[in-house]
Structures are given as C-alpha cells and as structure tokens.
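For the numbers below, each heavy atom of this structure counts, side chains included, while hydrogens, waters and symmetry mates do not. Because the structure is predicted, anything quoted here is derived from the model rather than measured. Note that ligands are numbered from 1 as they come in the structure, with each ligand's atoms numbered from 1 the same way.
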Amino acid sequence: MTDALPPGSVIGILGGGQLGRMLALAAARLGLRCHIFDPDPQAPAAQIAQHSVAVYDDIAALVAFAEAVDVVTYEFENIPTAALDAIESLVLVRPGRNALAVSQDRLTEKTWLADLGLTVAPFADVDGLGGLQQAVAQLGTPAILKTRRFGYDGKGQVRIGPGDPLASVWDAMAGAPSILEGFVDFKREISVIGARGLDGAVACFDPGENLHRDGILHSTTVPAAIPGALATDAILLTGRILNALDYVGVLGVELFVTDAGLVVNEIAPRVHNSGHWTQDACAIDQFEQHIRAVAGWPLGDASRHSNAVMTNLIGDDVADWEALSAKGGLHLYGKAEARPGRKMGHVTRVNPKG
Ligand code: AMP
C-alpha cells in the first residue's frame with residue numbers, strides 16, 4: 001500500500017492565478033488533473049483546469065469542491081479560516097493549516113521564526129498611534145511599518161525616516177493591526193525554494209538572488225553571488241522551517257544577506273515567483289515538486305543543470321512578447337488585460353552551468 005494518489009487523481013487548488021495555472025500544467029504532465037476554486041471567471045488557471053467559480057466564504061461551493069477532489073492545496077496564503085474549516089474534515093489539505101496560521105500574520109510569523117532560533121529583523125506589535133510612537137522609540141529609524149495581514153508585493157507598507165510625522169504614517173494604515181520592523185541594512189536579497197515530501201524527505205533548489213522594483217520582484221538570478229557556505233546555511237535553515245512545520249509541499253523563504261549573516265524576511269507556504277527559474281534550469285521544477293509532494297509522490301531531484309536569470313513581465317512589458325519569444329524561456333499567463341503592476345508572464349534565460 002502506498003499513500004501516493006494514482007494518475008487520474010484530482011488535485012484541488014484554492015486560487016487560480018498564474019501559480020495555479022503553472023501547477024496545473026505540471027500536474028497534467030504527471031497524468032494528474034486539477035480543479036481550481038477561484039471567484040474570477042477569467043482566472044488564468046481556468047483555461048486549463050476544471051473551475052469552481054465562487055467566493056471563498058461560499059461554504060456550499062467549498063463543500064462541493066472538496067467532495068470533487070482527492071487533495072486540496074493552495075496558491076496563496078490568505079485563505080479565510082472559515083474556508084479551511086469547511087473543507088478540512090472532508091479532504092486532505094496540504095500543506096497543513098499550521099503553515100497558513102504561521103504565515104498569514106507577520107507578527108505570528110516573525111515570533112515563530114525567532115522561537116525557532118532564526119534571525120529576523122527587530123520587530124514590535126503596533127495597534128495604534130501610541131503603540132507606533134513607542135515602537136519607533138524602541139527600534140529607531142529608518143523602520144518599516146507593515147500590515148500584519150494581507151500584504152503582498154510591497155503593499156500595506158510605509159517606510160519611516162527620522163522625524164517623519166507618525167500621525168500621518170498611522171493614518172495611512174487605516175487602522176490595520178501592524179508590525180514595525182527595524183530596517184535591515186542588507187547587501188543582497190535571496191530566496192530558497194524548498195520542498196518536503198509526505199515521507200519527510202527534503203529537497204531545496206539553489207538560492208536565487210532577487211531584485212525588486214517598486215516593491216515587486218523584477219528578476220531572480222541563479223546562482224546568487226554569495227559564498228558557498230552561506231548558500232548552504234540558507235538551504236539548511238529552509239530545511240529546519242520545513243521540518244518544524246511538518247510541511248508537505250513547496251515553500252519559499254525570503255532572506256536578507258547582511259554582513260552578520262542571514263536574516264529571514266518572510267516565508268510563503270506555496271510555490272513562489274522567485275522559483276520560476278526552476279522551470280527552465282532544473283529537471284524538475286518547483287511546480288512539479290509541489291504537485292509530487294501534495295500527491296504523496298516521491299520528491300524529484302532539485303539539482304540545477306543551468307545558470308538562469310528570470311525576469312518578470314509586468315504590465316506593458318508583455319507587449320514585447322514576439323521579440324522575447326524568439327529566444328525561448330517565455331512563459332505567459334493568459335491574462336487579457338495588461339494593467340500596470342500586473343504580472344503578465346516571465347522570461348527565463350539559461351546558460352550552461354560553468
Ligand atoms: P516584504 O513584503 O516583507 O517582502 O517586503 C518587500 C520588500 O521591502 C523586501 O523585499 C525588501 O526589499 C524590503 N524590506 C522589507 N522589510 C525590510 C526590512 N525590515 N529592512 C529592509 N528592507 C525591507
């Protein structure tokens with residue numbers, strides 16, 4: 001007997017954006033089917049998977065979805081607790097709830113990472129102007145105020161410099177419970193995409209070096225320009241996080257590289273934009289690895305055969321699709337409208353490993 005779901009099984013995915021779409025493509029290669037749950041009738045993954053069109057608090061739709069699939073996974077971390085309550089008794093959910101509980105709230109996340117013995121930016125809980133004044137007095141400036149929940153791509157964040165008027169900074173948060181983080185003087189930003197299987201096996205991809213523009217990931221370069229020992233540290237700490245969460249699936253760990261070593265910025269309990277390079281530079285990419293893990297299959301080899309630079313196509317960047325397609329490594333998400341700041345696709349250029 002094995003716990004692996006056989007080919008023909010159906011993977012349910014909460015969320016049908018580009019990550020869900022690329023998960024469904026990888027699943028199809030393995031003979032597995034996907035069924036997404038997403039309120040948007042135009043969700044990118046809907047073009048290639050079965051689709052339940054419903055909002056995340058439509059309990060009847062969630063129950064029907066859970067009953068139609070063999071396992072449920074997700075492509076974003078802000079899944080309402082009530083949605084999980086509705087499906088958890090009906091179907092396996094991988095990664096499990098613990099990973100969502102830790103990563104949905106920046107305060108819980110930072111506290112959990114620090115308790116694990118990992119280095120994080122100095123932080124303080126902020127729930128009002130008084131709390132903000134106290135936190136700034138404690139941590140100093142520059143600092144970054146972030147909403148505890150629902151922040152992504154730099155949204156819900158305000159940088160605070162010396163002497164900035166704290167009342168207007170707090171107003172900008174619109175009353176959202178927040179966390180103040182001391183500014184980390186980092187040399188580089190890197191990330192590790194790691195996977196853990198049902199049997200506890202761990203496989204991590206090489207760390208990539210990330211460049212952000214306007215709070216959005218612009219590019220990931222592999223290998224990151226860091227010493228080998230630091231790359232090993234990054235991979236080992238990712239393994240510790242995966243084990244501590246008793247995790248099943250792929251997880252992204254974003255790290256700052258400082259003179260004093262690695263500082264964990266955040267974790268994402270899902271496939272990650274900074275892991276897209278694996279599609280073109282590894283035999284088994286992050287999407288297949290995630291599908292393998294949640295389906296209970298053995299993890300694949302995460303080694304890299306090429307160096308890679310992945311660049312996101314944001315908004316109008318995608319207008320160049322024809323010229324970009326000439327060289328290969330082009331991945332488009334099937335989105336009709338190229339709005340500013342919207343991730344429309346990515347392109348990965350690879351070179352043989354030196
Ligand atoms: P986040 O949403 O937490 O990933 O933050 C988005 C980006 O803001 C990061 O990739 C960093 O470039 C920057 N950033 C976030 N937190 C800090 C921090 N504590 N110190 C310095 N830069 C930060």
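- Taking the ring centroids of His346 and Tyr333, they lie under the 6.0 Å cut-off.
- In this structure, Ala143 falls outside the shell of residues with a heavy atom less than 4.0 angstrom from ligand 1.
- Annotation for ligand 1: atoms under 4.0 Å from non-hydrogen atoms of Glu189 are 9 (C), 10 (O), 11 (C), 12 (O).
- Here Asn265 has side-chain heavy atoms under 4.0 Å from ligand 1, and that is the only part of it that gets that close.
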Self-check item: Stepwise salt bridge (charged side-chain N to carboxylate O under 4.0 Å, His left out) check, Asp85 with Arg97
Solution: CA-CA 10 Å; Asp85 289 342; Arg97 192 159 192 156; 2.8 Å; yes
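- Crowding of Gln104 atom CD: a count of heavy atoms from other residues, nucleotides or ligands under 6.0 Å exceeding 12.
- When each of His290, Glu77, Glu75, Gln286 is tested with Arg270 by the rule side-chain hydrogen bond (donor to acceptor under 3.5 Å, both in side chains), just one qualifies, namely Glu77.
- The ligand atoms of ligand 1 that sit less than 4.0 angstrom from a heavy atom of Glu254 are 4 (O).
- For Ile144, no nitrogen or oxygen atom sits less than 3.5 Å from a nitrogen or oxygen atom of ligand 1, counting backbone and side chain alike.
- Taking the six-membered ring wherever Trp is involved, the centroid distance between the rings of Tyr56 and Phe76 falls below 6.0 Å.
- Only side-chain heavy atoms of Arg159 come within less than 4.0 Å of ligand 1; its backbone N, CA, C and O stay farther off.
- Those atoms of ligand 1 that come under 4.0 Å of a heavy atom in Phe186, given as number and element, are 12 (O), 21 (C), 22 (N).
- Atoms of ligand 1 found under 4.0 Å from any heavy atom of Glu181, numbered from 1 in the order shown, are 16 (N), 18 (C), 19 (N).
- Salt bridge status for Asp105 with Arg148: present, with a side-chain N to carboxylate O gap under 4.0 Å.
- In terms of polar-atom proximity, defined here as any N/O pair under 3.5 Å, Ala121 makes no such contact with ligand 1.
- Numbered from 1 in the order shown, with element, the atoms of ligand 1 that lie under 4.0 Å from a heavy atom of His212 read 10 (O).
- In terms of the side chain to side chain donor-acceptor pair (under 3.5 Å) criterion, residue partners of Thr220 (sequence neighbours excluded) are, by chain and number, Asn210.
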